[in-house]
Amino acid sequence: MVSASTGEGAEMINEKKLKILMVEQSAQDAERVRQLLTQGGLQPDCLRVATVAALRDALLGHDWDVILSDYDLPQLGAQDVLQALESRDLDIPLIIVSSHVGEEAAEHIMALGAYDFVMKSNLARLVPAIRRSLHEVENYQRFITAQAALQKSEALFQAITSNLPGVVFQFLSTVDHQACFPYVSDASETLLGLPPQKLMDSPGLFPELILPDDRESYHQLMSVSAKQLAAWNWEGCIQVKGDSDIKWVSLRATPRRMPDGATLWDGIMVNITRNKLTEREIARSREQLAELSSYLQKVKEQERARIAREIHDDIGGTLTAIKCELFPCMDTTPRKPEFYQQKAKSIELLVDRVIDSTRRISLDLRPGILDCGIVAAVQWQAKEFSDRTGITCKVSCESDEIPLDPDLAIAIFRVFQETLTNISKHAHASRIQVKLVELDGLVFLEVLDNGQGIAAIDMEKRNSFGIRGMRERCQQLKGSFHIAGDPGKGTKVTILIPIPAGNPDRQTGHVIGLERQLKKPPHSEVTMKKKKVSRI
C-alpha cells in the first residue's frame, strides 16, 4: 500500500499532467480550484461541464484521472455523475467539492461510491485528497491485476492437476508429529477411493489403506526424508475399502522446512499397478522362455541321440550286412553262378532296407510333402495321424493351395503336429475337425476335438512345454495362439498368423488358384477320403 505522503508517489503525480473533469456551475469556483491545484504542485488539465449531455460527451471523448463535482447542481448532481460512471463501467475517482453538504448527505454519497468530499471553505484538503484517491485507484488496479494473475495461475494449476495421472498433494508433519493434508487433488477419489475433503479432514485414512507389509517402509522413508530434507520416494501396495483388487502406488514428494519447524512435502501419487503387473509378466515370460529354451535344447539332444541310434543300428547294421555279403564275392575261389545270383538278391534286399530307413529318417526330420504346400502337408499329416491312432481327422479348406514362404509353412505345420500330439496324449478324442483358410493376408488354422476338454490349470502347468512352445512360435511370427477347453465337450486350438507382405509366392499363388477355380467348380470342404496324398 502506497500512502499519500510517499515521496516517490508524490513526485510521480507532480510530474504527470492530470486530466481533471470539473462538474461545476460556477466558472469562478472552477478557476479558483485550478489555481489551487497548480499551487499544490499538480499540473491540471481541466474541463468544466454543467449538464448531463456535456458530461456524457466528456466521458466518451476523454480518459480522466479524477472528477471533481459539486454535490447538487440545477441540471446535474453528484448522484448523476456516479450513475454515468457506473453505466459506462468507469473507475474514475470522484471527489465532491461543494459549499453545502450535510453529514447525512456526505455519508450517503460516500456509500454510493464517491472517494472523498471537500468543502469549498476548506480547499486546502483538496490536493491531498486527489493524491490519496489516485493512489487508491493505482493500488486497486494493482490488486485487480494480481487477482487476475492469481485466478489464471489457479486455473492453470487445476487444469494440470486434473489431467495428471495421479494424486497431487501437500503433506504436512508438525514438530510434534501431527500429520495433515493441506491439499489433495480430485484424483484421490479415483485412486484411493477417498474424496479430497475427507482425506484432508482425516489424514490417518491413507496409512490405513497401505498393506501391513509395506506400512513400515512408508513411515521409515517419510522419517528419513523429514530429517535429511531429501526426496521421499516410496512404492507399496494399497487396498481400497470395498475393493478386492490390490493397487501398486508410487509416491514421489519433495520436502521443505517451514518457519515453525514443520515439514511440508509437495508430491504426487501414481497408480503403477499396470507397470508392476507388466514387470511380473515379463519376469514370468523370461523364466518360461528360459525353461522352454532348456527343454528345447534337451529335446534337441534327445532327437540327435535318437537319429544317431537309428543311423547306427539300422543303416549301419544294414551296411555291415551288405559288406558281409560282398566279402565272399571278392576272393578268388571259383563258385557257381547261382551263388553270385543269390548274393546279389540278398544285397538288393539290404539296399532296399537302407533306402527305406533313409526315407523314414528324412521324413521325420522334414516331410517332403511340405514342398507341395501347407494345405497338402496338413492333409497328409491328418491322414498319417488318423491311420496311426485310429482317430477320425477331417480337414476343411477353402482352396487347394495357400502360397507361403517355406519358413512360415514349416512353422504352421509344426504347430499342427504338436496339436495332434497333445490330442493323442491327453484328449481321449474320437474325432478331430481341422479348418485351414486364408483370410485377408492371414493364415487361420483351427483344430477342434471332441475329447475331455483341457482345463485352465493344465494350461498353466510349469511342464506344459508343448503349449508354451506353440505359443512362442506363433508370437515369433507376430501371430496369435489361443487354446480353450469345455469339460466333456472338447478343446479348440486357434492360430492366426499374418502372411508377410513381401511373400514372393503370393501373386503367383493367387494366379494359380484363380486358374484352378475357373477349371473346376468351387468346393468348401476337402476330406482325406476324397483326396489322398501319397507318402513320400
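Both backbone and side-chain heavy atoms feed into the values below; hydrogens, waters and symmetry mates do not.
- Looking only at side-chain heavy atoms (C-beta outward), L436 and F416 stay at 4.5 Å or farther from each other.
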ask   = Can you check side chain to side chain contact (heavy atoms under 4.5 Å, CB included) on V493 and I483, steps first, answer last?
value = CA-CA 4 Å; V493 174; I483 181 171; 3.9 Å; yes
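- Residues L264 and P182 share a closest heavy-atom pair of CD1-CG, 4.1 Å.
- K19 NZ: more than 12 foreign heavy atoms inside a 6.0 Å radius.
- The minimum heavy-atom distance linking I210 with R215 is given by the pair O-NH2, 2.6 Å.
- In E216, the CD atom is not crowded: 12 or fewer heavy atoms of neighbouring residues, nucleotides or ligands sit closer than 6.0 Å.
- To the nearest 0.5 Å, atom CG of residue L404 and atom CD1 of residue I497 are 9.0 Å apart.
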Candidate pair L59 and L85, rule side chain to side chain contact (heavy atoms under 4.5 Å, CB included), full reasoning = CA-CA 8 Å; L59 293 177; L85 293 176; 4.1 Å; yes
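- Summarising the local packing, CG of D260 is surrounded by more than 12 heavy atoms from other residues, nucleotides or ligands at distances under 6.0 Å.
- Counting heavy atoms from C-beta outward, L60 and R88 have side chains that approach closer than 4.5 Å.
- Aromatic rings from Y218 and F206 are positioned such that their centres are separated by under 6.0 Å.
- Between the side chain of D65 and the backbone N or O of I20, no donor-acceptor pair lies under 3.5 Å.
- The two residues A78 and I109 have their closest heavy-atom pair at CB-CD1, 3.8 Å.
- Judged by distance alone, with hydrogens and angles left aside, the side-chain atoms of K247 form a donor-acceptor pair with the main-chain N or O of L191 at under 3.5 Å.
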key: Derivation and outcome, side-chain hydrogen bond (donor to acceptor under 3.5 Å, both in side chains), residues R473 and Q476   = CA-CA 5 Å; R473 192 186 289 270; Q476 289 175 0; over 6 Å; no
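- The CZ atom of F181 lies 10.5 Å from the CG atom of L172; values are rounded to the nearest 0.5 Å.
- Within the model, atoms CG of D63 and CD1 of I92 stand 7.5 Å from one another, a figure rounded to the nearest 0.5 Å.
- Counting heavy atoms from C-beta outward, M222 and W265 have side chains that approach closer than 4.5 Å.
- The backbone N or O of A129 sits less than 3.5 Å from a side-chain atom of S133, completing a donor-acceptor pair.
- Although no hydrogens or angles enter the test, the distance criterion places a donor-acceptor pair under 3.5 Å between the side chain of S217 and the main chain of D214.
- Minimum interatomic distance between A58 and L47 (heavy atoms only, all atoms of both residues): CB-CD2, 4.1 Å.
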task = Apply side chain to side chain contact (heavy atoms under 4.5 Å, CB included) to L68 and L126, showing your working.
result = CA-CA 10 Å; L68 304 179; L126 183 58; 4.0 Å; yes
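- The heavy-atom pair separating V184 from P196 by the smallest distance is O-CB, 3.5 Å.
- With contacts defined as side-chain heavy-atom distances shorter than 4.5 Å, the pair F444/K435 qualifies.
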message = Walk me through whether Q141 and E138 qualify under side chain to side chain contact (heavy atoms under 4.5 Å, CB included).
response = CA-CA 5 Å; Q141 291 297 332; E138 182 180 0; 5.8 Å; no
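- Sorted pairs that involve residues 193-213 and meet salt bridge (Lys or Arg N to Asp or Glu O under 4.0 Å), not counting sequence neighbours, are lacking altogether.
- Proximity of a side-chain donor or acceptor of S69 to a complementary backbone N or O of I96 within less than 3.5 Å is not detected.
- Without hydrogens or angle criteria, R48 side chain to Q25 main chain gives a donor-acceptor distance under 3.5 Å.
- Within the 4.5 Å cutoff, no side-chain heavy atoms of Y183 are placed close to those of D266.
- Side chain of S188 to backbone of V167: no donor-acceptor contact under 3.5 angstrom is found.
- Under a 3.5 Å cut-off, the side chain of T491 and the backbone N or O of A484 do not form any donor-acceptor pair.
- No donor-acceptor contact under 3.5 angstrom links the side chains of R256 and T263, judged on distance only.
- Side-chain N/O atoms of E31 and Q35 include a donor and acceptor closer than 3.5 Å.
- You'll find the side chain of N139 stays beyond 4.5 Å of the side chain of F143, heavy atoms only.
- Annotation: the span from L112 atom CG to M110 atom CE amounts to 10.5 Å, rounded to 0.5 Å.
- The list of salt bridge (Lys or Arg N to Asp or Glu O under 4.0 Å) pairs with a residue in residues 109-122, not counting sequence neighbours, reads E24-K120, D29-K120, D70-K120, D116-R125, D116-R132.
- Here the side chain of S223 pairs no donor or acceptor atom with the backbone of H219 at under 3.5 angstrom.
- Comment: E418 does not engage R414 in a salt bridge, judged by the lack of any side-chain N to carboxylate O separation of less than 4.0 angstrom.
- Taken from CG in L477 to CD1 in I412, the straight-line distance is 7.5 Å, to the nearest 0.5 Å.
- When the shell of 6.0 Å around NE2 of H482 is examined, it contains 12 or fewer heavy atoms from other residues, nucleotides or ligands.
- In plain terms, the two heavy atoms of T273 and I246 that are nearest each other are CG2-O, 4.1 Å.
- Interatomic distance, CG of L42 versus CG of L134, reported as 8.5 Å (0.5 Å rounding).
- Residues V97 and L123 meet the side-chain proximity criterion, which asks for heavy atoms closer than 4.5 Å.
- Annotation: side chain of I499 is in contact with side chain of V443 (closest heavy-atom distance under 4.5 Å).
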